[in-house]
Number of protein chains: 2
Amino acid sequence: MSAALVANGDLLAGKSPSPATGRVSSVYSEVQASRIDHALPLPAVLINPFKIVDGPPSSAAGNPDEIAKLFPNLFGQPSAKLVPSDSDANQQKLKIGVVLSGGQAPGGHNVISGIYDYLQDRAKGSTLYGFRGGPAGIMKCKYVELTSEYIYPYRNQGGFDMICSGRDKIETPEQFKQAEETALKLDLDGLVVIGGDDSNTNACLLAEKFRGKNIKTRVIGCPKTIDGDLKCKEVPASFGFDTACKIYAEMIGNVMIDARSTGKYYHFVRLMGRAASHITLECALQTHPNITIIGEEVAQKKLTLKNVTDYIVDIVSKRSELGYNYGVILVPEGLIDFIPEVQQLISELNEILAHDIVDEGGLWKKKLAEQSLKLFEFLPQAIQEQLMLERDPHGNVQVAKIETEKMLIQMVETELEKRKQAGAYKGEFKGQSHFFGYEGRCGLPTNFDSTYCYALGYAAGALLRSGKTGLISSVGNLAARVEEWTVGGTALTALMDVERRHGKFKPVIKKAMVELEGAPFKKFASLRDEWALKNRYISPGPIQFVGPSSNAVNHTLLLELGAQV
Amino acid sequence: MSAALVANGDLLAGKSPSPATGRVSSVYSEVQASRIDHALPLPAVLINPFKIVDGPPSSAAGNPDEIAKLFPNLFGQPSAKLVPSDSDANQQKLKIGVVLSGGQAPGGHNVISGIYDYLQDRAKGSTLYGFRGGPAGIMKCKYVELTSEYIYPYRNQGGFDMICSGRDKIETPEQFKQAEETALKLDLDGLVVIGGDDSNTNACLLAEKFRGKNIKTRVIGCPKTIDGDLKCKEVPASFGFDTACKIYAEMIGNVMIDARSTGKYYHFVRLMGRAASHITLECALQTHPNITIIGEEVAQKKLTLKNVTDYIVDIVSKRSELGYNYGVILVPEGLIDFIPEVQQLISELNEILAHDIVDEGGLWKKKLAEQSLKLFEFLPQAIQEQLMLERDPHGNVQVAKIETEKMLIQMVETELEKRKQAGAYKGEFKGQSHFFGYEGRCGLPTNFDSTYCYALGYAAGALLRSGKTGLISSVGNLAARVEEWTVGGTALTALMDVERRHGKFKPVIKKAMVELEGAPFKKFASLRDEWALKNRYISPGPIQFVGPSSNAVNHTLLLELGAQV
């Protein structure tokens, strides 16, 4: 049955028996165990001797002058590309640190394995340190030496539990000082930061500081986030997105079959993605739901909550006329953040709640602007209460706590009831709410994420060995066979723009939003009317690790790369 | 990429183009498509010529005298067993109807395929009618003729959408009359009812009526329910349980890795199973959570909600001392139905809400018994409000709407806060709630459910051909290789007891509850203390359809069959 492989305590004996090495005491399921020895193909350029070739000087994503000021030592540096060579020139030993930063994404362990295997294969005798618990581990010099035995049980496994992650940031002069001390203490030649947009921005700041102080430690970033909002031409995907979307799509597909079999429920599915709606879009492309709300479109068209509700209600009504009193609706977690009028209402509420007395009689509502009052009255009572009662420690309304899918169900119910009274709707409507979130962050990585992450890690090692710093590991040509993938590094400063905060310019890697002119959205937009009224459901089923479907790549990536899906 | 197989409109042309044939317009995912032609092994006895051998006369699960009175024509009939024979004696054509009854369970389509293939293989020229939308389809004579082309796209697929299901019952004399008319109109030799305990009870009543009236239509049941509470020695499993538990366990396993990686959340997972806690127990055996609440144990030990809360809080405190401020907790959907004091409170509330005025000042609370008042005051405010406000059309409190996992999080939070004030707890507690329900009912059936259902259907066909009625299709020896599975039918009356309702005896198939003396619970009980404090998480990963893990069977079944897991 299960319990096929016990991560051997002996194997790991003496290797820092901290609670973080959770897998020491783990029993593996058969599927987990079957993944550990799964052989990972490498891009051809990484298999044979290679050298690094620089591209032309780079600029910035916006405001190059400001970026140049913020990164005097790094700005303008070229991107790097690995190309075949006659021999591997430089085989010196390295001391490398690696850190996981921010939320989990399937594949993180494989980035670390990739770095480790690179060092074993190409720089024998090197040392790899894993900083524990995220960037705080760097600042506190809390680390473990990663050995073959230590890494083994985590190969191709989900989660970040090998060294755990954290959300601390290295930002203040004092924190930079601490990081510097750790780098010096461990005599680090390099550091790999595995994280999202913020973490990679901070990685670049660290690279800049080290370079500015002539500290030898180079810093390389790796693109991680299930939300899929860290990407650009050179870095076509952030890892974890593929696996997370497939896990959510499995569940959505199941719910679709349930909806069609039962014939009496509308399933409202809220999906992860606060800032961008990539996950929702990808899941829609994989499963063909009746209705999908994309936050970026709502924002661009300046839709109101009433518009969104009416859009849903119109489709529910039409479906009812066709005899379908069921359906599946996908909504991004961040939907209400995309609606300008909601933002306005919340900022007014924050102001009122901070300064005024909220009287039972509702006189306080007179302080709301007309538009905001109208919206407030339009909201279901439970949401009104939530807005008034649940505050964060700063007294602000906790938008994140609002269960958007439940709110929409209530608003759709109310509107349908009105139409029923008016004789314009004769159907039955029963909403069921779902939130698919944590389930997708720590699943076993798909073959794509496993292989992609391994290449990202291997490339990070190669970049460090060749003395590169301030680059993000970049693996491209992902629509082709793995052998043909390109490998290199992209200047992090080239991905940056500035934002003005508290009167100062701050560098940021802009989140990649769903582009309404991009191929994934356009494909969705060309099909959604058909999906709305005809039931074109696809149930992707559980992720397979062997067989024909096991190497499928997500639609978003393929469409962005120009492939026909 | 995907879209590998389009269920061909041509294939299905002219075959009742009703909206129920949803798959006509479906596009299949690669995984769905790969399952359609998955070859299903049959038990050896079904491959070669077989005959049916009767066992000894049967009795009832309880009150045999009353069951005998209720089923004068069927009571005492022997169970049947298929054994190898020299030749298949009887090859006459049959007209058979099949109906899906109640909630979806993965594998239902395979039962139908099994019946169909049996008829093709052993009774050529037979006709199979699928009644649409559950038992109502029988009463309204709403059916479709199931052909090879019609069935093909549904082979090994989840859902009940081939003919859809429904929750109507054939109970009143008028309804029996309608069913009789349909049986006569279609000249049915037999009817297969695929359903849970209620549906099989009704199937037996129908068999009794038909037999009593000398109508030739025989009725055979098939055991369906993801809840796993329809089983006995002869019918070791209800189909769908295996798949549903594996889908839930995949999600739980992912959440566990997330918990361990993040180190800061307690995930409270509510699982389907209102009447019995089999799903929760099986998921615990598959994943090793820190805390699992089994409803049957709570009931047997007459635990209060405070006891359950304290049990959780004690473990959370101890874990905190060990440095673990995270964990995973499984709770059955029906938990509060198992708590006697909650039942008492709710019945008092129903009484009060029906007859008294609920005053703002709370004077109405004086009407509650002391124990009930104490419990009411112990409940989080949101739950108190839910109890007072949400009523069903009969004015009763809607227990089913209470989100048990959220309620527990609030109660645990409150208790931990008290302990913190008293200096007895120093940890941090953050709860995250999950409900895994609909996602599991319509997944692609596992290899086990696919094969088991196919054998159940094939056997149902064989039983009907041999003139049997009032039996439930029974496939046994499930821990062995499929070839060695036993096949037969069990007298439905043998599974029955009576309940007194409105002064009358009513036959019921008693739901199989989690037995505290059964092997699955005992195994769980022997390990739970270790799981509580040490993190023995197992992440089963997504269901695989090929490879070594694809033929695994759930722990509950294997343990009940005496296998070592």
**Item:** Heavy-atom donor-acceptor pair, Q544(A) side chain to I543(B) backbone, under 3.5 Å
**Value:** yes
**Request:** With a 4.5 angstrom heavy-atom cut-off, could you sort out which part of F436(A) is near chain B: side chain, backbone, both or neither?
**Result:** side chain
**Message:** Let's test your reading of the structure: which of G547(A), G133(A), S34(A), G443(A) forms the most heavy-atom pairs below 4.5 Å with chain B?
**Reply:** G443(A)
**Prompt:** Are any non-hydrogen side-chain atoms of M251(B) and E250(A) less than 4.5 angstrom apart?
**Reply:** yes
**Prompt:** Does any heavy atom of chain B fall under 4.5 Å from the side chain of H267(A), the backbone, both, or neither of them?
**Reply:** side chain
**Prompt:** With a 4.5 Å heavy-atom cut-off, do Q157(A) and I257(B) have their side chains touching?
**Reply:** no
**Prompt:** Do you know which two heavy atoms are closest between E439(B) and N254(A), and how far apart they sit?
**Reply:** O-ND2, 2.8 Å
**Request:** Using atom types as modelled and distance alone, determine if a side-chain donor or acceptor of S29(A) lies under 3.5 Å from a backbone N or O of S539(B).
**Result:** yes
**Asked** When rounded to the nearest 0.5 angstrom, what is the spacing between CD1 in I538(A) and CD in Q32(B)?
**Response** 7.5 Å
**Item:** Leading residue by heavy atom contact count with chain B [cutoff under 4.5 Å; candidates L444(A), V255(A), D258(A)]
**Value:** D258(A)
**Message:** Heavy-atom pairs under 4.5 Å with chain B - which of P540(A), G134(A), G541(A), G263(A) has more of them than the others?
**Reply:** P540(A)
**Request:** Examine whether an atom of T262(A) lies under 4.5 Å from a heavy atom of chain B, and if so say whether it belongs to the side chain, the backbone or both; otherwise answer neither.
**Result:** both
**Prompt:** Roughly how far, to the nearest 0.5 Å, is the NE2 atom of H434(A) from the NE2 atom of H434(B)?
**Reply:** 15.0 Å
**Request:** Measure distances from R35(A) to the heavy atoms of chain B and classify the residue's part below 4.5 Å as side chain, backbone, both or neither.
**Result:** neither
**Fill in**
Output for pair (Q104(B) CD, R260(A) CZ), nearest 0.5 Å, gives 11.5 Å
**Prompt:** Is there side-chain contact between S261(B) and C442(A), with at least one heavy-atom pair below 4.5 Å?
**Reply:** yes
**Complete:** Cut-off 4.5 Å, heavy atoms of chain A, and the answer for F435(B) is neither
**Request:** Compare all side-chain heavy atoms of P548(A) with those of E30(B) and state whether any distance is below 4.5 angstrom.
**Result:** yes
